[in-house]
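Structure first, then comments.
When reading the values below, keep in mind they use all heavy atoms of this one structure, side chains included, and skip hydrogens, waters and symmetry mates. Numbers restart at 1 for each chain; the letters A, B, ... are given by sequence-line order, proteins then strands.
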There are 2 protein chains.
Amino acid sequence: MPEFTDSVWTRPARPRTGQPTLSREQIVRAAIELLDAEGAAGLSMRRLGARLGSGATSLYWHVANKDDLLELAVDQVMGEIYVPEPGDTPWRVGVSVMADGMRAMLLRHTWVIGLLGVRPTIGPNVMRMGNRSVALLLAAGFTGPALSHVHSLITAHVIGAATTEAAVAAAVQRAGQSAAEIREQLEPFMEKTAGDYPDYARWRQESGVTEMDPDQVWDQSFAFGLERILDGLELWRVNNIGDTSAA
Amino acid sequence: MPEFTDSVWTRPARPRTGQPTLSREQIVRAAIELLDAEGAAGLSMRRLGARLGSGATSLYWHVANKDDLLELAVDQVMGEIYVPEPGDTPWRVGVSVMADGMRAMLLRHTWVIGLLGVRPTIGPNVMRMGNRSVALLLAAGFTGPALSHVHSLITAHVIGAATTEAAVAAAVQRAGQSAAEIREQLEPFMEKTAGDYPDYARWRQESGVTEMDPDQVWDQSFAFGLERILDGLELWRVNNIGDTSAA
DNA sequence: CAGTGGGCTCGAACACTGTGCGAGTCACTT
DNA sequence: AAGTGACTCGCACAGTGTTCGAGCCCACTG
């Protein structure tokens, strides 16, 4: 049984002296490229080796595991998220910027989503991000467990929204068809089952949601949710902290 | 390239006449048991066949793919979620019950989480759930795109919260150690890196979160977030619908 | 009652996966 | 010149999802 703290981040790095042809950074970068291009299923150690012009097993000198490699890749792309410094803007804006950035990152690297539920990441980039988030929320007046809850709430919204969006995007891409074609194909299925799900069918028709641009709907849905969350947090903040002037 | 609608749910079921020793329901049930017991990595067609006392390839008569099987399993467990009828309770309570139920399901079957981002499910149980959610939110006064946004917001919170909770739970389970032991192990790592993440380290110490029961913290965090979301929605509802009396 | 077709099971095989092991290469120190 | 250690890599092993074709057995038709 491995110790809890036995992960890429706690194991000492190998000393580097020679002029190796491969490096951990290079491997991680190539892995991310492969994952972006072909999804989680597209990454195999052999294919990654080939892409780097070296044998598959050479990678194991620089990386203990495929799991470790994935953890490194996740932390790497987490570093792409920009978390504003506290004080630059009102806290709502700061949080929104972070949330939007995180969402964009997850949609750029959809393979990350499937890994988030498998194992928590405590790499340097994630830690740095966490530290800046804490600073941001401290400046907003949140403290103690509430600060943690607020942070969880924001990230949960981003992860949850990105999850379903990515799922649909993947299905659409697999189908290789336009949104209009898919809507057309889906129609008979919807009509056939409309009797079984009357409320859903009626709402679907009346809402006019079928005639909107899907990408816009995703954006609006995410923004709507985030605004409601921030409203709810503001309300709580006023009632429990009472300082409405914090940046 | 497969059509978008080419999935388990749209393909006609095979006619069944003989007295087969295997059935699709039985296979799905066994798969879920295996997944619950050993996680996503524990399910292979050969192991599943062995568990059912039959050859691995026999399964392919009842199920086209491993992917299809997983989709069936996901829809199956989705059916475990209880969505209250509209009118039974105030809408906040109804939504809370659904959210709590969904969270509990995801934590019972953590393997589902990793599949949610891969492909959207449109199985009968998910559709039924969707229909009841629509009914619930219609009764609360939400209509049009806003209804969809509200539904997305709730499920996103559940999925996002369950994702990070499941990740930590999996790591703890892999370590096979108590929360106290893990905390002890983590301490030196935290102290060593405290200088790099000063805000985080300071908050961690002052907040006292390290001395709380982790399970309770998860529960509280989820409930806190849900309350803030419902507050935000209530606010929006009053401003945009104006009817505060809807059940 | 014989025969045939189709629902259903399954073993062999293929192409692939992650990874342990040991041999080999090279730059550098002693 | 010998050796040491960083690094690369081919082979092999156990395991994966899935295809194919052979075979079973039951319900039907002639």
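- Taking 4.0 angstrom as the limit, Ser58(A) places none of its side-chain polar atoms (N or O) nearer than this to OP1 or OP2 of dC7(D).
- Side-chain atoms of Trp61(B) lie closest to dT9(C) of the nucleotides dC7(D), dT9(C), dT16(D).
- Contact annotation: Asn65(A) reaches the phosphate of dT19(C) (side-chain N/O to OP1 or OP2, under 4.0 Å).
- For the pair Arg183(B) and Glu211(B), the salt-bridge criterion is not met [side-chain N within less than 4.0 Å of a carboxylate O].
- Atoms OG and CG, on Ser58(B) and Leu48(B) in that order, are 11.0 Å from each other to the nearest 0.5 Å.
- Between Phe222(A) and His157(A), the gap from one ring centroid to the other is short of 6.0 Å.
- Of the side-chain N and O atoms in His62(B), none sit less than 4.0 angstrom from OP1 or OP2 of dG7(C).
- When heavy atoms are screened at a 4.0 angstrom cut-off, Ser54(B) is found touching the sugar-phosphate backbone but no base atom.
- Direction of the helix axis in the helix from dC1(C)-dG30(D) to dT30(C)-dA1(D) shifts by 30° between the two five-pair termini, rounded to 10°.
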For nucleotides 11-14 of chain D, which of its nitrogen or oxygen atoms have a protein nitrogen or oxygen under 3.5 Å away, and what is each distance?
none

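- Listed candidates were dG17(D), dT19(C), dT8(D). Nearest to the side chain of Lys66(B) is dG17(D).
- Nucleotide dG20(C) holds its C1' atom 15 Å from the CG atom of Leu59(A), rounded to whole Å.
- Enclosure of atom CD in Glu184(B) is not indicated, since only 12 or fewer non-hydrogen atoms of other residues, nucleotides or ligands lie within 6.0 angstrom.
- If you check every strand for non-hydrogen atoms under 4.0 Å, Leu43(A) touches sugar and phosphate atoms only.
- Residues passing the side-chain hydrogen bond (donor to acceptor under 3.5 Å, both in side chains) test with Glu187(B): none are found, sequence neighbours excluded.
- Using a 4.0 Å cut-off between a side-chain N of Lys or Arg and a carboxylate O of Asp or Glu, Arg128(A) and Asp196(B) do not qualify as a salt bridge.
- Here the P atom of nucleotide dT18(D) and the CG atom of Asp67(B) are 7 Å apart, to the nearest Å.
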